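Inspection log for the structure reproduced underneath, given as structure tokens.
All of these numbers come straight from a predicted model, not from anything done at the bench. Heads up: numbering here begins at 1 and tracks the sequence.
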Amino acid sequence: MANLVTSLCCVVLAAVVVAYAQRRSQLVARNQYERMGSDVTMQCGSLDNEASVSWKVNGTDVKAQHRLAGPRLILTEVDLGHNGLYSCFQNPNGERRDTILLHIGIPPREPTVTCRSNTYPRGFYCSWHQLHSTYIPTAFEVDVQHNQRSLEVQKDSVHKNRCHVRFPEVFSSFPYYVNVTAVNALGKAFTIISFEESSIVKPDPPERVTATPIRDNPRRLEVTWYSPSTWPDIDSFPLKYFLRYRPLIREQWQHVELSDSTFHTITDAYAGKEYIIQVAAKDTEIGTWSDWSVAVHATPWIVNPVPSTPTTEVDFVPETRTSPIPSSKAPQKAEPPVGRAARLLTFVSPLLLGMLLLFV
């Protein structure tokens with residue numbers, strides 16, 4: 001009896017699991033990828049051709065141009081506006097039977113691939129990108145060949161479209177072949193490039209560039225810099241440098257090519273003019289020049305004018321004051337008063353002169 005009960009329980013449990021799995025399959029959306037511009041057919045689960053269904057997209061009725069064919073929804077000339085979550089419901093009870101997440105995109109095209117060694121002779125890196133978006137997830141497969149054998153490829157932890165490869169040997173005469181294949185749900189495309197070791201060597205720009213005015217030298221600037229920190233062996237593989245500078249008031253650059261020195265004195269600067277300065281680096285024997293360093297600005301030493309020294313003796317210059325012109329309403333200045341003795345002399349003088357003439 002106990003065995004019979006156990007068997008019945010197992011049968012019931014199995015039926016419940018099957019029912020749950022079927023129900024779960026109806027609820028979990030499945031992905032469907034289609035090419036842009038094509039006509040798309042979506043099938044409502046495993047229903048037969050006689051089934052009657054209705055469709056919704058993102059919870060609302062399908063408004064895009066379409067037609068129904070039994071359990072199938074057919075969309076015409078799809079574009080990115082057709083992306084969405086489509087659900088189908090069996091009539092007449094409206095039970096949901098399938099859910100489809102529609103993705104519209106295009107197949108990948110041949111990727112653009114470039115390789116460069118900024119850590120010579122340690123290794124090189126390759127990067128790639130699509131010139132046009134595919135609108136759907138696209139992965140890249142990379143294969144590097146040298147002297148008829150595959151090299152280990154390490155994906156970059158920061159840049160998703162970059163990988164790193166170590167040089168198996170230095171000064172090799174065998175070319176390298178790099179194959180990058182773009183793959184998505186709608187197709188694949190690949191690009192193969194080949195190069196020699198010496199052609200991809202390109203250092204990073206010099207670092208910590210500084211320009212300092214030289215005291216009492218109004219036409220000189222002292223420029224210093226450091227070799228790029230990514231260059232692993234500056235002693236065995238020295239770099240040479242290229243300096244360019246110009247005043248901000250002019251567009252034409254002046255150039256100086258240097259050996260392995262990491263400083264230079266500009267001797268022909270315009271006095272008092274602000275300058276912009278950059279430096280590039282290159283392996284002394286192979287490869288190409290780096291990009292220019294971050295621009296720095298500096299102005300040569302400005303000599304302050306000597307102030308004039310005051311004299312010890314100062315000539316006295318009498319101050320001249322100018323009285324303001326009185327207005328027509330201002331009172332006029334009175335005449336100075338005349339003394340009493342002066343008035344008496346003025347009266348007596350004619351009398352004395354007359355008496356003197358009578359006696360004569």
Subject >> Distance-minimising heavy-atom pair for His297 and Leu248 >> reply: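 Between these two residues, the closest heavy atoms are CE1-CD2, 3.9 Å.
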
Original post:
Which atom pair, heavy atoms only, marks the closest approach of Asp156 to Val158?
Top reply: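 Nearest heavy atoms, Asp156 then Val158: OD1-N, 2.7 Å.
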
Subject >> Joint hydrophobic cluster, Val113 plus Val201, side-chain heavy atoms closer than 4.5 Å >> reply: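 Linked within one cluster.
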
Original post:
Leu151 and Val142: same hydrophobic cluster, using ILVMFWY side-chain contacts below 4.5 Å?
Top reply: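 The answer is yes; both residues are in one hydrophobic cluster.
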
Original post:
Is there a ring pair (Phe, Tyr, Trp, His ring centres under 6.0 Å) between Tyr245 and Trp253 once you walk through the steps?
Top reply: CA-CA 6 Å; Tyr245 59 97; Trp253 293 91; 8.5 Å; no

If you draw a 6.0 Å radius around [atom1] in [X], do more than 12 non-hydrogen atoms from other residues or ligands fall strictly inside?
X	atom1	value
Glu169	CD	yes
Phe190	CZ	no
Glu274	CD	yes
Arg149	CZ	no
Arg35	CZ	no
Glu77	CD	no

Answer yes or no: is there a donor N or O on one side and an acceptor on the other, between the side chain of [X] and the main chain of [Y], under 3.5 Å?
X	Y	result
Gln32	Thr41	yes
Glu197	Ser172	yes
Gln130	Arg109	yes
Ser261	Leu258	no
Ser236	Ile234	no
Ser117	Ile200	no
Asp98	Cys88	no
His66	Ala64	yes
Asp48	Ala51	yes

Any side-chain donor near an acceptor of the partner, [X] and [Y], under 3.5 Å:
X	Y	value
Asn31	His103	yes
Gln278	Ser293	no
Ser127	Thr114	yes
Asn184	Tyr135	no

Subject >> Pairs where residues 254-277 contributes a residue and the test ring pair (Phe, Tyr, Trp, His ring centres under 6.0 Å) is met, not counting sequence neighbours >> reply: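 Ring pair (Phe, Tyr, Trp, His ring centres under 6.0 Å) check on residues 254-277 returns Phe242-His255.
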
**OP:** Answer yes if the ring centres of Phe237 and Trp231 are under 6.0 angstrom apart, and no otherwise.
**Re:**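 No, too far apart.
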
Subject >> Close aromatic pair by centroid cut-off 6.0 Å: Phe195 and Tyr177 >> reply: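 Aromatic pair excluded; centres sit 6.0 Å or further apart.
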
Subject >> Check ion pair Lys240-Glu257 (N to O, under 4.0 angstrom) >> reply: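 Yes, Lys240 and Glu257 are salt-bridged.
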
**OP:** May I have all residue pairs that pass salt bridge (charged side-chain N to carboxylate O under 4.0 Å, His left out) and include part of residues 199-221, sequence neighbours excluded?
**Re:**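 Every pair satisfying salt bridge (charged side-chain N to carboxylate O under 4.0 Å, His left out) with a residue in residues 199-221: Arg116-Asp204, Lys202-Asp291.
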
**OP:** Might you work through the side-chain contact (heavy atoms from CB on, under 4.5 Å) test for Leu239 and Asp260, ending with a clear yes or no?
**Re:** CA-CA 6 Å; Leu239 298 175; Asp260 57 353; over 6 Å; no

Original post:
Do Arg97 and Val53 come within less than 4.5 Å of each other through their side chains, counting heavy atoms only?
Top reply: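 A side-chain contact under 4.5 Å is absent here.
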
Original post:
Would you say the SG of Cys163 sits less than 2.5 Å from the SG of Cys126?
Top reply: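 Cys163 does not pair with Cys126 as a disulfide (SG atoms not under 2.5 Å apart), so no.
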
**OP:** First locate atom OG1 of Thr230, then atom CG of Asn118, and finally report the distance between them rounded to the nearest 0.5 Å.
**Re:**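 If I round to the nearest 0.5 Å, the distance is 5.0 Å.
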
Original post:
Going by the angle between their ring planes, with limits at 30° and 60°, are His146 and Tyr176 parallel, tilted or perpendicular?
Top reply: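 Geometry flag for Tyr176 against His146: parallel rings.
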
Original post:
Between Tyr86 and Lys56, is a side-chain contact (heavy atoms from CB on, under 4.5 Å) present by the stated rule, with each step listed?
Top reply: CA-CA 6 Å; Tyr86 290 79; Lys56 291 184 179 295; over 6 Å; no

